[in-house]
Amino acid sequence: MDSTTATSTPVTARPLRPKATTAAYFAAFVALGLMSASLGPTLPGLAQHTQTRIDQISILFTARSSGYFLGSLLGGRLYDRMPGHSLLGVMLLMMAATMALTPLIGQLAVLAALLLLMGIAEAVVDVGGNAMMVWVHRSKVGPYMNALHFFFGAGAFVSPIIVAQAILWTGGISGAYWMLALLIAPVALWVLPLASPHAPRSALSGVTTLHSNPRLLLLCALFMLLYVGAEVSFGGWIYTYAISLDLAAAATAAYLTSLFWGALTVGRLASIPIAARVRPHAILLADLTGCLISVSALLLWPQSAPVLWVGTFGLGLSMASLFPTVLAWAGRRMTMSGAVTSWFLVGSSIGAMTFPWLIGQLFESSGPQVTMVTILLLLLAAVAVYAAMMAFGGQPHPDEETDPAPSPHTKR
């Protein structure tokens with residue numbers, strides 16, 4: 001090889017390994033799930049640590065989701081401009097660090113600031129995993145996207161079990177947070193050495209005229225706001241809801257939270273083959289119908305423990321594929337750059353920031369049932385937005401990769 005050829009090859013050039021890269025994203029979303037489901041079951045313990053009431057401790061939902069909002073705004077643009085795996089790895093390390101520090105803080109204001117940072121890190125990981133999965137698999141992303149969110153559900157399912165066991169063994173929540181931090185940190189070491197994928201050339205060059213649809217993007221972001229608001233509200237408050245209505249003891253209520261995320265996990269596993277055979281709009285309609293039936297049952301029979309368990313499982317199962325299906329559906333109708341993907345997460349973070357906090361403000365004054373009423377209203381609004389998405393979505397565009405893409409062997 002002559003000197004000219006040698007110097008023209010980037011020193012950092014590494015081959016893109018789709019299987020290893022996809023597996024790393026799966027692991028990152030397990031870590032994301034571990035974090036996402038940890039706050040709800042530990043909320044009473046954090047209230048004790050900070051000597052605050054339930055209505056005051058609910059500010060942690062807002063702080064974490066505010067960070068998620070900021071991370072969602074910034075993350076997509078960062079992924080469009082720098083090697084994605086470097087950014088993803090650093091954010092995973094930040095997730096582990098904030099988890100390890102959480103039980104050591106006894107002041108609510110300081111804890112809220114820490115959860116703001118935690119939310120930023122979570123959002124950047126979320127944006128990156130979703131965006132780069134599309135970049136790796138392009139028009140065939142549907143089953144992979146459902147699998148990605150299955151692994152998020154798997155982490156969210158295991159998290160409350162770890163919390164419950166830590167409470168039983170130690171009588172506190174510190175051990176749970178430290179165990180979760182130890183599980184998250186190695187994922188960063190897996191991601192960092194891998195070569196980063198590229199965004200579609202049309203997204204990088206700004207040539208999105210044929211595929212841009214601002215109205216559709218707004219509707220999809222609004223759908224995410226409503227759906228994620230309902231999901232996070234249920235996952236975050238079902239523990240306290242069950243205890244307040246004397247439907248479960250503390251340890252049992254943690255398993256109820258785990259049941260919700262476990263049902264979400266089972267649903268996402270089942271949706272992987274379904275996504276390859278059934279049209280996304282039909283999956284979304286079936287999911288929304290199941291959500292409405294489940295929450296309605298919880299409202300009709302509020303004092304029934306069996307209905308609580310069945311309704312929790314039904315709601316988790318029905319919510320399972322909403323997020324990945326909307327992403328896959330929208331990905332065939334607009335160019336999914338990092339910046340576009342970030343707007344989906346912006347909508348999600350606003351929902352996660354607003355409605356769990358609102359429930360916390362009303363929980364003691366209006367009673368635990370405000371939780372289910374709020375979630376039902378959010379789902380009914382999501383049905384209306386779904387109808388608008390179907391009306392204004394237009395036809396799917398061909399696979400963007402009909403034009404030659406940048407070489408996958410050169411890292412940006």
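Predicted model, so just to flag it, every value in this text is computed and none were measured.
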State, to 0.1 Å, how close [X] and [Y] come at their nearest heavy-atom pair, and which atoms those are.
X: Leu34; Y: Ser159; answer: O-OG, 2.8 Å
X: Cys220; Y: Phe344; answer: CB-CE2, 3.5 Å
X: Gln369; Y: Leu299; answer: NE2-CD2, 3.6 Å
X: Ala263; Y: Phe313; answer: CB-O, 3.2 Å
X: Val346; Y: Leu73; answer: CG2-CD2, 3.6 Å
X: Pro197; Y: Trp135; answer: O-CE3, 3.9 Å

Can you confirm whether [X] sits close enough to [Y] that some side-chain heavy atom of one is under 4.5 Å from a side-chain heavy atom of the other?
X: Leu180; Y: Met35; answer: no
X: Val125; Y: Met95; answer: yes
X: Leu264; Y: Glu231; answer: yes
X: Leu322; Y: Leu288; answer: yes
X: Ser294; Y: Met319; answer: no
X: Thr102; Y: Leu115; answer: yes
X: Thr21; Y: Met133; answer: no
X: Ser296; Y: Leu376; answer: yes

*Could you give me the CA-CA distance, side-chain angles and deciding distance for Phe151 and Phe29, then say whether ring pair (Phe, Tyr, Trp, His ring centres under 6.0 Å) is met?*
CA-CA 6 Å; Phe151 282 100; Phe29 268 57; 9.6 Å; no
Please round to the nearest 0.5 Å and tell me the distance separating atom [atom1] of [X] and atom [atom2] of [Y].
X: Leu60; Y: Leu116; atom1: CG; atom2: CG; value: 11.5 Å
X: Tyr239; Y: Thr252; atom1: OH; atom2: OG1; value: 9.5 Å
X: Met91; Y: Met118; atom1: CE; atom2: CE; value: 13.5 Å
X: Glu122; Y: Tyr68; atom1: CD; atom2: OH; value: 6.0 Å
X: Phe234; Y: Leu379; atom1: CZ; atom2: CG; value: 10.5 Å
X: Ser196; Y: Leu88; atom1: OG; atom2: CG; value: 8.5 Å

Does [X] reach the main-chain N or O of [Y] with its side chain, forming a donor-acceptor pair under 3.5 Å?
X: Arg64; Y: Gly119; answer: no
X: His85; Y: Ala195; answer: yes
X: Thr42; Y: Gly45; answer: no
X: Trp178; Y: Ala100; answer: yes
X: Thr257; Y: Ala253; answer: yes
X: Ser258; Y: Phe157; answer: yes

With no hydrogens and no angle check, just 3.5 Å: does a side-chain donor-acceptor pair link [X] and [Y]?
X: Asn130; Y: Tyr25; result: no
X: Ser38; Y: Tyr177; result: no
X: Asp287; Y: Ser321; result: yes

*With sequence neighbours excluded, what pairs up with Thr265 under the side chain to side chain donor-acceptor pair (under 3.5 Å) test?*
none
*asked:* Going by the rule side-chain contact (heavy atoms from CB on, under 4.5 Å), which residues pair with Leu101 if we only count those two or more places apart in sequence or in a different chain?
replied: Leu104, Leu114
*Please state whether the rings of His149 and Phe323 are parallel, tilted or perpendicular, taking 30° and 60° as the class boundaries.*
tilted
*Just say parallel, tilted or perpendicular for the rings of Trp237 and Phe61, cut-offs at 30° and 60°.*
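If you compare the ring of Trp237 with that of Phe61, the planes turn out tilted.
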_Positive for side-chain contact (heavy atoms from CB on, under 4.5 Å) with Trp301, one of Val310, Val307, Leu308_ =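 Of the listed residues Val310, Val307, Leu308, the side-chain contact (heavy atoms from CB on, under 4.5 Å) partner of Trp301 is Val307.
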*For Arg53, which residues count as a salt bridge (charged side-chain N to carboxylate O under 4.0 Å, His left out) partner, sequence neighbours excluded?*
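In terms of salt bridge (charged side-chain N to carboxylate O under 4.0 Å, His left out), with neighbours along the sequence ignored, Arg53 is linked to Asp55.
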*After noting the C-alpha distance and the side-chain angles of Thr371 and Ser233, does the key distance pass the side-chain contact (heavy atoms from CB on, under 4.5 Å) rule?*
CA-CA 7 Å; Thr371 305; Ser233 294; 5.6 Å; no
*Answer yes or no: are there more than 12 heavy-atom neighbours, outside Gln51 itself, under 6.0 Å from its atom CD?*
no
*Residue Gln107 excluded, over 12 heavy atoms near CD under 6.0 Å*: no
*Test side-chain contact (heavy atoms from CB on, under 4.5 Å) on Leu285 and Arg279 and set out the steps.*
CA-CA 10 Å; Leu285 181 59; Arg279 293 181 182 275; over 6 Å; no
*Please assess Phe223 against Val383 for the test side-chain contact (heavy atoms from CB on, under 4.5 Å), listing each intermediate value before the final yes or no.*
CA-CA 9 Å; Phe223 184 91; Val383 171; over 6 Å; no
*asked:* Run Phe152 and Trp261 through side-chain contact (heavy atoms from CB on, under 4.5 Å) and show every step you take.
replied: CA-CA 9 Å; Phe152 169 86; Trp261 294 109; 3.8 Å; yes
